[in-house]
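Working notes, structure below.
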Amino acid sequence: MQILEIENLSKCFGGLTALNQVNARFEEREIVGIIGPNGAGKTTFINVISGVYPPSSGRIIFDGRDITKLPAHTRCRLGIGRTFQVIHPLQDLNLLQNIMVGSLFGQGNGLREARVKAQEICEFLGLDQLERDTSQLDILEIKKMEMARALATHPKILFLDEIMAGLSADETKEVIETIRTIRDQGITICVVEHVMSVIEELTERVIALDGGRIIAQGQYKEVANNPRVISAYLGEEE
Amino acid sequence: MYATLALSWDMMFRSGQPGLSVAGFFGLGGYAAALSFLYWGVNPLVSIALGCLFSLLVAFILGLVILRIRGLYFSIATMSLSEIFRVIVMNWHRFTGGPSGKALPSAVFNGDSAKIFWLFLVLTLLTVIVSEIFERSRVHFALTSIRNNEIVAKSSGIDVFKYLVVVFALTSALQGMIGGAYAHSYAFISPEGSFNFNFVLLPVTMALFGGIHSTLGPIVGAVILGVVGEYLKLQLPYGHLLVYGVIIVIVILFLPKGIVGTAKERLKRKWATI
Amino acid sequence: MKLKYSTRVLTLILSMLMVAGCATTPAKPTEAPTATPTEAAPIKVGLIAALGDVSGINGQNGALLAEKEINAAGGVLGRPLKVIVVDDEMTPEKGAAAVDKLATVDNVDAFVINSFSGVHMAQIPALKKYGKVTIVTGAASHLCEEAIGEDADWYFHLHSWDYMQGEGQKAAWQAFAEKYPDIMFKSVFMAYEEGAFGTASYQFSQKLFEDIATLSGESFKSAAMGGGDYSAVLEHAKAENPDCFTWVGYAADALPILEQAKSINFAPKFFVGAPPGWPPDFGESPLAEGVIAYEVWADALTEVSDISKSFYDGYVEMFGSGPDNYLAPLVYSAIHILVEGMERAGTIETEALIAALEQTEYKAPTMEVITFSPSKIISHQAPLTPMLTQYQGGKLEVIYPWDRATSELIYPFPAWEGR
Amino acid sequence: MELPGVLKQRRNQYALACLFLVVLLILWKPSVLIYGVQRAGLYAAIAIPMALVLGVVGILNIAHGDFMMIGAYLAYWGNVLYGVDPLVAMIPVFVVMFVVGAVTYKTTIKKVLDAPEFSQLLLTFGLAMILEQLANLLWTSQPRKLHVDYASTSATIGPYSFGVFEFANAAIALLILITLVLFLSRTRTGQAALAVGQNPRGARLVGIDVERSYLLLFSLSIAIVSAIGGLFLVRHSIFPLVGGSYTMRSFALIAMAGIGNLPGILYCSLALGVAESLIISFKGYGGWADIVFFAFILLVILIRSYRERLT
């Protein structure tokens with residue numbers, strides 16, 4: 001079944017078109033990868049879907065409901081969860097509290113429930129010493145914390161924006177496993193990644209963006225061999 | 001009194017929004033309380049509550065408009081609002097008494113300063129309680145998240161705008177309440193007295209001095225600065241405000257997180273070393 | 001663990017509040033010291049003034065001068081006099097706290113209050129609570145009089161109420177009209193500062209001047225309040241071409257308003273200013289020539305009165321220069337009146353002292369004989385007749401009332417050209 | 001980046017509309033324009049140096065107006081004791097206050113650069129208090145005013161007489177603005193300072209001495225605003241608290257123009273100055289001038305924030 005459908009989505013910043021007539025569909029329990037060179041519009045794509053920016057035109061239909069005009073927090077409560085490319089710990093809250101925020105507001109839990117829920121998620125992700133300040137966490141823990149906060153909102157679809165960046169090979173492997181487990185719980189996953197090996201290993205379907213347009217879509221192998229994708233990446237390297 | 005203002009300012013500032021409308025709502029509440037007492041003979045204590053409600057209402061409506069603004073621009077916007085209130089009150093001669101203000105026939109409790117003190121203590125306690133409720137409920141999580149990163153807050157399901165409006169209205173209501181009590185304790189209200197910029201600068205100074213984002217900090221700041229101020233005045237009838245300024249500068253240079261903030265950090269470090 | 005911590009915090013806050021409360025709640029008045037006065041125990045008078053402002057400093061100096069003179073002459077009732085000064089910081093709550101402090105901590109026998117109206121309003125509830133003899137040398141707002149009410153027989157007001165100032169001024173103008181029949185005084189334009197002081201002055205003048213002249217006016221933002229642009233007001237005044245232009249503002253407005261008047265070439269026949277005090281360097285400006293001021297004190301009085309001269313000389317000797325404004329002689333007079341009253345009553349008992357003060361006939365350095373009589377509401381008001389003074393040759397000369405006059409009126413206001 | 005044509009057009013439309021209004025004003029109430037421009041000059045002259053510090057160093061200097069007050073007192077005493085003309089005194093005041101600004105920066109501001117925004121605010125508030133009280137102790141609250149002949153120089157056009165000296169305010173504001181803009185765009189030091197303002201970390205990486213830029217700009221701002229004290233003294237009385245209201249006004253203007261937008265301050269001052277003069281030119285409405293000032297600012301900020309949300 002379809003969970004998310006995007007129709008003709010465009011987003012302009014002043015004179016700059018960051019997204020241009022994007023159409024995409026996400027099935028339930030799917031793991032989708034989004035690739036593309038820097039400035040291709042990947043993060044904007046997530047920002048528009050999660051409601052950080054209103055779209056310039058187009059429609060977003062989530063779970064059979066038009067959410068184009070809804071504010072970000074409502075979308076979150078409906079079940080769109082996300083992490084951020086640049087890490088954003090809430091530095092004045094400790095590790096557990098950071099995760100509780102998701103549960104408190106995304107799911108509307110009370111403090112006690114939220115605490116229990118957050119602890120469960122931490123256990124699942126392998127986070128411990130939950131009273132630590134965020135400044136004491138290492139990069140893996142922060143990434144996990146961001147994921148945990150998104151998970152705590154009880155999403156139906158989860159957008160992970162470059163979650164592997166800065167992780168070692170072993171750590172990456174661990175996170176990939178975790179993502180699979182999350183999917184197995186019935187959550188659609190959309191990963192934005194630079195690391196191609198991750199995309200290859202993890203995703204079932206890939207969307208390639210360049211200049212705000214979808215240039216290719218399909219299995220990783222097809223997309224990776226698509227000449228437009230290759231030239232987009234090569235163009236970037238020049 | 002200043003403790004309450006300092007605390008109420010800090011409660012708003014916990015969301016990261018530095019409001020400068022303390023004096024505005026202080027004055028508004030004062031006028032609402034004084035005038036309702038004067039014209040409709042409302043019981044003074046009830047009229048203080050009315051002042052509180054009036055500020056709540058006005059802040060709520062204005063909050064809907066101005067809480068789209070952030071940071072320093074928010075400061076200016078709230079300051080402008082304060083000034084606009086003042087000018088309106090000053091020019092509305094028939095109702096507010098214009099620049100001369102209005103005298104009330106008698107102070108609350110007939111000017112018994114012990115009772116007035118208890119009144120203020122109760123109001124301060126009320127503010128402390130509200131602040132503590134904030135600190136221990138989801139509001140704390142919401143405000144801290146908004147302050148730290150608004151986009152993360154939004155994406156985690158926090159209705160940022162709703163929280164800001166509610167907190168703005170509530171803190172303004174507290175300021176209005178104190179304004180009402182102030183008007184009644186001196187049986188007098190005037191634009192220059194009530195919309196005085198001192199009611200912004202001093203509470204903010206106290207909150208920052210004591211330490212922000214907590215209940216304890218602003219209270220400690222207000223108490224210490226209040227006591228220091230009085231002591232200095234006894235010692236130096238002339239230059240006491242100068243020394244006061246020097247103290248503020250020195251504290252900021254050496255205790256940048258305020259007294260309570262620094263103390264907390266020291267304690268933490270001690271704990272860590274043990 | 002977490003809960004415990006926060007409860008502890010809360011208890012801490014509470015206890016701190018209590019401590020703070022004890023520090024600020026006035027202790028119960030201690031009656032011991034005054035109940036059995038020893039020979040040497042001084043009689044204490046509490047003075048509240050704005051020490052951050054020149055008016056307060058002058059008031060304080062006047063009080064200190066009076067204190068010195070009285071103690072040199074043997075004190076009061078055989079006891080020394082002590083003036084205790086507390087700063088009101090020009091804020092209502094500090095002004096009110098000062099009353100509490102003087103009444104309870106210092107246990108003063110009487111108050112002299114030199115605060116501004118806004119601050120004084122806040123002091124009134126506290127003053128009523130203590131009911132000690134109080135002489136007030138500041139606070140002109142009629143709202144203060146309303147707040148005091150008619151029952152306060154311990155309250156003596158040694159400063160005109162705002163509505164009285166106009167009366168004196170009107171009397172002065174009428175006297176002028178009689179003496180100089182060719183003077184035109186038919187239309188007045190009043191520029192008043194937009195605060196309480198200016199607005200009240202204008203409102204009361206409006207009623208008073210009805211039968212002798214047409215009065216119109218407009219407010220401006222005083223430089224003291226962050227304003228200082230008088231262009232529009234002056235333009236409007238010029239358009240009306242009044243016989244007399246009066247501005248009611250603060251000392252900071254004095255010279256700039258003249259400069260702007262000159263630059264738009266507005267020179268009415270009378271150029272009158274009514275600030276509470278003039279800037280010290282005002283007379284030195286060539287623009288000041290011919291400006292008329294309502295004053296209670298002028299240094300020139302020393303030429304016609306020995307009392308004024310002895311006050312002035314004493315002041316200069318003690319502080320190095322003459323008084324900057326009328327509050328020095330006023331507070332000086334207040335202390336003397338109080339002490340004379342105590343001597344007359346033979347006691348500092350409130351009721352006897354009030355009765356004695358009612359008999360006051362004090363020859364003040366302002367050349368006024370001060371007596372107390374009922375005003376609109378209160379029962380003890382000292383009517384002060386404002387003098388009409390004029391800047392002539394860089395000096396403030398008295399031109400009315402006739403018995404104090406040191407010079408003749410220059411009429412009309414000299415043209416701007418050449419200065 | 002090239003401006004898109006639409007915006008250019010709209011700009012032209014705005015300009016045309018403004019011009020039309022100005023012509024109307026001249027025909028209807030010429031004095032409004034004159035006084036408005038004079039008012040605006042002073043506002044802008046004081047606000048621009050503050051904007052410099054806020055925009056580049058990122059510090060909101062609450063003591064800004066008080067430095068002007070100190071500068072004005074220095075000019076005053078320079079005149080009383082040594083007979084120096086206040087306008088000439090601007091030069092030595094500039095030099096002296098540059099040093100004072102540098103010392104202030106070294107001893108206080110530098111230490112709170114990394115502290116939270118509001119600690120910086122409190123620090124400058126403390127400084128403001130020290131300056132005001134120092135002035136009060138040294139020179140009392142008695143307002144002081146110099147008399148200089150040219151202060152009330154006037155010109156007459158037809159039936160109108162008006163003061164011309166205050167055009168000096170506008171001229172000096174313009175001069176400061178042009179000098180600063182040239183300094184920031186044409187000189188190496190200026191460009192470095194600008195880079196620091198935009199991205200301190202990046203600037204440090206490319207080898208710019210950030211410390212020095214901050215020091216320079218802060219001292220420069222203090223020096224400029226203090227020198228304006230001399231200009232201020234010509235037409236205004238000075239007293240210890242005189243600066244406070246100008247700090248507030250400057251802050252409001254900067255917010256209206258947008259932080260970091262120096263020329264914008266000039267336009268905003270002009271708009272506000274003329275609007276205020278217009279209000280007070282109606283007899284009996286002088287009291288509402290403040291509302292115009294603040295309502296205008298509020299409106300501009302609101303419109304801008306809503307527009308930002310839409311894009």
Side-chain angles (χ1 to χ4, degrees), chain A residues 43 46-47 49-53 70-94 96-115 118 133-134 136 145-146 148-155 158-159 161, chain B residues 10-17 64 67-68 70 132-167 211-217 256-258 260-261 264-273:
Chain A
T43 297
I46 297 184
N47 279 339
I49 291 174
S50 64
V52 174
Y53 305 129
L70 295 180
H73 57 91
T74 318
R75 298 189 194 189
C76 166
R77 285 177 204 171
L78 287 175
I80 298 181
R82 67 169 294 189
T83 66
F84 291 86
Q85 181 180 6
V86 183
I87 50 165
H88 289 302
L90 303 171
Q91 65 269 22
D92 291 335
L93 295 175
N94 69 27
L96 183 68
Q97 287 171 330
N98 255 280
I99 299 161
M100 281 169 70
V101 167
S103 178
L104 277 171
F105 299 99
Q107 229 182 334
N109 282 330
L111 280 178
R112 203 158 299 173
E113 277 172 87
R115 177 177 294 273
D133 273 356
T134 52
Q136 294 166 296
M145 181 190 82
E146 294 250 325
R149 190 169 57 217
L151 276 178
T153 66
H154 202 70
L158 182 60
F159 289 88
D161 197 350
Chain B
D10 182 63
M11 279 152 71
M12 185 68 206
F13 190 51
R14 284 176 204 163
S15 72
Q17 301 308 313
L64 290 179
L67 279 164
R68 306 274 179 204
R70 296 288 180 269
E132 274 301 295
I133 291 176
F134 273 26
E135 276 300 86
R136 289 162 191 217
S137 65
R138 51 202 296 119
V139 182
H140 170 66
F141 287 87
L143 294 185
T144 312
S145 309
I146 295 170
R147 173 174 85 234
N148 282 168
N149 191 307
E150 205 182 316
I151 292 179
V152 171
K154 267 201 256 181
S155 304
S156 305
I158 298 175
D159 188 342
V160 173
F161 187 61
K162 184 185 90 186
Y163 271 99
L164 288 181
V165 171
V166 167
V167 172
I212 43 175
H213 308 324
S214 65
T215 303
L216 198 56
K257 296 209 162 153
V260 172
K264 262 190 199 163
E265 221 160 64
R266 290 266 158 88
L267 275 179
K268 237 184 216 170
R269 220 173 294 155
K270 241 186 195 167
W271 272 57
T273 51

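To find a chain, count down the sequence lines: A is the first, B the second, and so on, and within it residues start at 1. Computation of the quantities below employed the complete heavy-atom set of this structure, encompassing side-chain atoms and omitting hydrogens, waters and symmetry-equivalent molecules.
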Write out the donor-acceptor pairs between chain B and chain A under 3.5 angstrom, atom names and distance to 0.1.
{"residue": "B/R138", "atom": "NH1", "partner": "A/N109", "partner atom": "O", "Å": "2.7"}
{"residue": "B/R138", "atom": "NH2", "partner": "A/L104", "partner atom": "O", "Å": "2.7"}
{"residue": "B/R147", "atom": "NE", "partner": "A/D92", "partner atom": "OD2", "Å": "3.2"}
{"residue": "B/R147", "atom": "NH2", "partner": "A/D92", "partner atom": "OD2", "Å": "2.6"}
{"residue": "B/N148", "atom": "OD1", "partner": "A/Q91", "partner atom": "N", "Å": "3.0"}
{"residue": "B/N148", "atom": "OD1", "partner": "A/D92", "partner atom": "N", "Å": "2.9"}
{"residue": "B/N148", "atom": "ND2", "partner": "A/D92", "partner atom": "OD2", "Å": "3.2"}
{"residue": "B/N149", "atom": "ND2", "partner": "A/H88", "partner atom": "ND1", "Å": "2.8"}
{"residue": "B/S156", "atom": "O", "partner": "A/G106", "partner atom": "N", "Å": "3.2"}
{"residue": "B/G157", "atom": "O", "partner": "A/R77", "partner atom": "NE", "Å": "3.0"}
{"residue": "B/G157", "atom": "O", "partner": "A/R77", "partner atom": "NH2", "Å": "2.7"}
{"residue": "B/D159", "atom": "OD1", "partner": "A/H73", "partner atom": "NE2", "Å": "3.1"}
{"residue": "B/D159", "atom": "OD2", "partner": "A/H73", "partner atom": "NE2", "Å": "3.4"}

Inset, instruction - Supply the atom-to-atom distance B/F141 CZ to A/L111 CG, rounded to the nearest 0.5 angstrom. - result: 5.5 Å
Legend entry - Contacting region of B/A142 [heavy-atom separation from chain A under 4.5 Å]: both
Inset, instruction - Decide if atom CG of A/L70 counts as having more than 12 heavy atoms of other residues, nucleotides or ligands within a radius under 6.0 Å. - result: yes
